[in-house]
Amino acid sequence: MQYKKIGVIGGGTMGQGIAEMLAAKGLEVVLVEKDNERMEHSWAMIELSLDKQLEKWAITGAEKKLVLSRIHKTTDLKELPSCHMVIETISEDLDLKKSLFRKLDEICGPDLILTSNTSTLSLTELGASTKHPERVIGLHFIHPVAKIDLVEIIRGLKTSEDTYMLTRRFVEDVIQKTAIKVYESPGFVTSRLICLLINEAVHTLAERVASAEDIDLAMRKGYEFRHGPLEMADRFGLDSVLAALDRMFREFGELKYRPSFLLKQMVHAGHLGVKTGEGFFRYDKEGDRM
């Protein structure tokens, strides 16, 4: 299969990163959002990301224009059947995703691969909401998408071997990232492990064992983490981390997945990290630590 045009549904942090990465790889992207206001915010954030790279001489002005020219904005799902693959990146809400996959199943041809960037939800359950569960598969990218050379490919119970092989070829040959095969389990590999680390870091902070700055410094300097676990949580979104832990706690029934009370408090207070400007640390409108 020739991959030339990819649909990306959802213009949040992950959708922005995936759309930008695909366009930088030379692919045409159809970026779908619920309404024009959300779309313009997503577009502004993609431009901001490119401008940051421009300031660092990582790309040229011409390259920025080329990337933006490959991203086509729309609020209409009916533009997706012309794509060669669809990647869903909406909120981690199973009912919303199932509703979306039912719509996609109706408007997209049976050979079009439907993928989800979910970090914890069941691909088998998403597939079961369609008439063609064999073409539903998980593609879990990690933030920041352009910098992380890894994609988890998650097979649902009815995902076909053809769908898996075509998807793996897309990851390894087209966007040239490292792929790992994951058998369906809540949190897969990366979310399951990193959310436990983040949760333990929040417990450590709540117990006043060390400050947020020193907890992150210990992991950055001691174990060569790019970001410490608390800043990672801020960049993922504390609400997303809480949702992932809640789901794993329900699915596994083990206390180690129970979210820290401090994490819940911060989410209830609206301190969600980079997207609100404040989490365990404070951030400017460009997402840089203050």
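By convention here, the first residue in the shown sequence is residue 1.
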Mind running side-chain contact (heavy atoms from CB on, under 4.5 Å) on Thr75 and Val32 for me, showing each step along the way? CA-CA 5 Å; Thr75 57; Val32 184; 5.8 Å; no
Sorted by chain and residue number, the salt bridge (Lys or Arg N to Asp or Glu O under 4.0 Å) partners of Asp288 (sequence neighbours excluded) come out as Lys52
Contacts satisfying side-chain hydrogen bond (donor to acceptor under 3.5 Å, both in side chains) that involve residues 226-241 (not counting sequence neighbours) are His227-Glu231, Glu231-Arg235, Glu231-Arg289, Asp234-Tyr283, Asp239-Lys275
Handout entry: Worked check of side-chain contact (heavy atoms from CB on, under 4.5 Å) between Ile9 and Ile87
Key = CA-CA 6 Å; Ile9 307 174; Ile87 303 173; over 6 Å; no
side-chain hydrogen bond (donor to acceptor under 3.5 Å, both in side chains) pairs touching residues 26-44, sequence neighbours excluded, are Glu28-His72, Glu40-Lys73
**Message:** Whether the side chain of Ser185 engages the backbone of Phe188 through a donor-acceptor N/O pair (distance < 3.5 Å, no angle test) should be reported.
**Reply:** no
Throw together a table of side-chain donor-acceptor distances under 3.5 angstrom for residues 134-147, partners on residues two or more places apart or in other chains.
| from | atom 1 | to | atom 2 | distance (Å) |
| --- | --- | --- | --- | --- |
| Glu134 | OE2 | His132 | ND1 | 3.2 |
| Arg135 | NH1 | Gly109 | O | 2.6 |
| Arg135 | NH1 | Leu112 | O | 2.7 |
| Arg135 | NH2 | Asp105 | OD1 | 2.8 |
| His140 | ND1 | Glu152 | OE1 | 2.6 |
| His140 | ND1 | Thr190 | OG1 | 3.4 |

Side-chain contact test, heavy atoms from C-beta onward, threshold under 4.5 Å: evaluate it for Leu77 versus Ile107 and give yes or no.
yes
Would Ile6 and Val86 count as a side-chain contact (heavy atoms from CB on, under 4.5 Å) here? Give the steps.
CA-CA 6 Å; Ile6 308 296; Val86 172; over 6 Å; no
Hey, is the main chain of Glu79 close enough, under 3.5 Å, to the side chain of Ser82 for a donor-acceptor pair? yes
Between the OH atom in Tyr183 and the CG atom in Leu157, the distance rounded to the nearest 0.5 Å is 12.5 Å
Residues pairing under side-chain hydrogen bond (donor to acceptor under 3.5 Å, both in side chains) where one sits in residues 216-225, two or more places apart or in two chains, turn out to be none
Is the closest side-chain donor-acceptor distance between Ser260 and Asn199 under 3.5 Å?
no
Query raised in the report: Does the side chain of Thr124 pick up a donor-acceptor pair with the side chain of Lys158 at under 3.5 Å?
Result: no
The salt bridge (Lys or Arg N to Asp or Glu O under 4.0 Å) partners of Arg192 (sequence neighbours excluded) come to none
Please tabulate, for the side chains in residues 204-212, all donor-acceptor contacts under 3.5 angstrom to protein atoms that are two or more places apart in sequence or on a different chain.
| from | atom 1 | to | atom 2 | distance (Å) |
| --- | --- | --- | --- | --- |
| Thr204 | OG1 | Glu200 | O | 2.7 |
| Ser211 | OG | Asp214 | N | 3.1 |

*Is Val171 linked to Met165 within one hydrophobic cluster, defined over Ile, Leu, Val, Met, Phe, Trp and Tyr using a side-chain heavy-atom separation of less than 4.5 Å?*
yes
Practice problem: For Arg70 and Leu27, run side-chain contact (heavy atoms from CB on, under 4.5 Å): C-alpha distance rounded to whole Å, both residues' side-chain angles, the deciding distance at 0.1 Å, then the answer. | Solution: CA-CA 7 Å; Arg70 293 187 182 124; Leu27 299 167; over 6 Å; no
*Does the side chain of Val67 reach to within under 4.5 Å of the side chain of Glu63, using non-hydrogen atoms?*
no
Asp93 side-chain N/O to Leu96 backbone N/O, donor-acceptor pair under 3.5 Å: yes
Across all chains, not counting sequence neighbours, the salt bridge (Lys or Arg N to Asp or Glu O under 4.0 Å) partners of Glu184 are none
Between the main-chain N or O of Gly273 and the side-chain N or O of Thr276, is there a donor-acceptor pair closer than 3.5 Å? yes
Does atom CZ of Arg102 have more than 12 heavy-atom neighbours, drawn from other residues, nucleotides or ligands, at distances under 6.0 Å?
yes
Taken in chain and number order and not counting sequence neighbours, the residues that satisfy salt bridge (Lys or Arg N to Asp or Glu O under 4.0 Å) with Asp51 are Lys64
Separation between OG1 (Thr118) and CD1 (Ile154), nearest 0.5 Å, reads 8.0 Å
### Query
Hey, any chance Ile198 and Ile215 share a hydrophobic cluster, counting ILVMFWY side chains that come within less than 4.5 Å of each other, even indirectly?
yes
Donor-acceptor pairs under 3.5 angstrom involving side-chain atoms of residues 247-255: please list them, not counting sequence neighbours.
none

Nearest heavy-atom approach of Leu197 to Phe225 is CD2-CE2, 3.4 Å
Applied to residues 11-26, the side-chain hydrogen bond (donor to acceptor under 3.5 Å, both in side chains) test, sequence neighbours excluded, yields Glu20-Ser49, Glu20-Gln53
Are Leu68 and Leu31 connected in the hydrophobic side-chain network, where two residues link if heavy atoms are under 4.5 Å apart?
-> yes
Between Lys177 and Glu172, does any side-chain N to carboxylate O distance fall below 4.0 Å? no
All heavy atoms of Ala201 vs all of Leu230, minimum pair found to be CB-CD2, 3.9 Å
Closest non-hydrogen atoms of Leu245 and Pro259, given as atom of the first, atom of the second and distance, are CB-CG, 3.8 Å
Please step through salt bridge (Lys or Arg N to Asp or Glu O under 4.0 Å) for the pair Lys78 and Glu106, ending with a clear verdict.
-> CA-CA 10 Å; Lys78 291 182 180 177; Glu106 291 174 3; over 6 Å; no
Residue set satisfying ring pair (Phe, Tyr, Trp, His ring centres under 6.0 Å) with Phe281, at least two apart, ordered chain then number -> none
Cluster link Leu262 to Ile194, ILVMFWY, side chain under 4.5 Å
yes
d(Phe101 CZ, Thr130 OG1) to nearest 0.5 Å is 8.5 Å
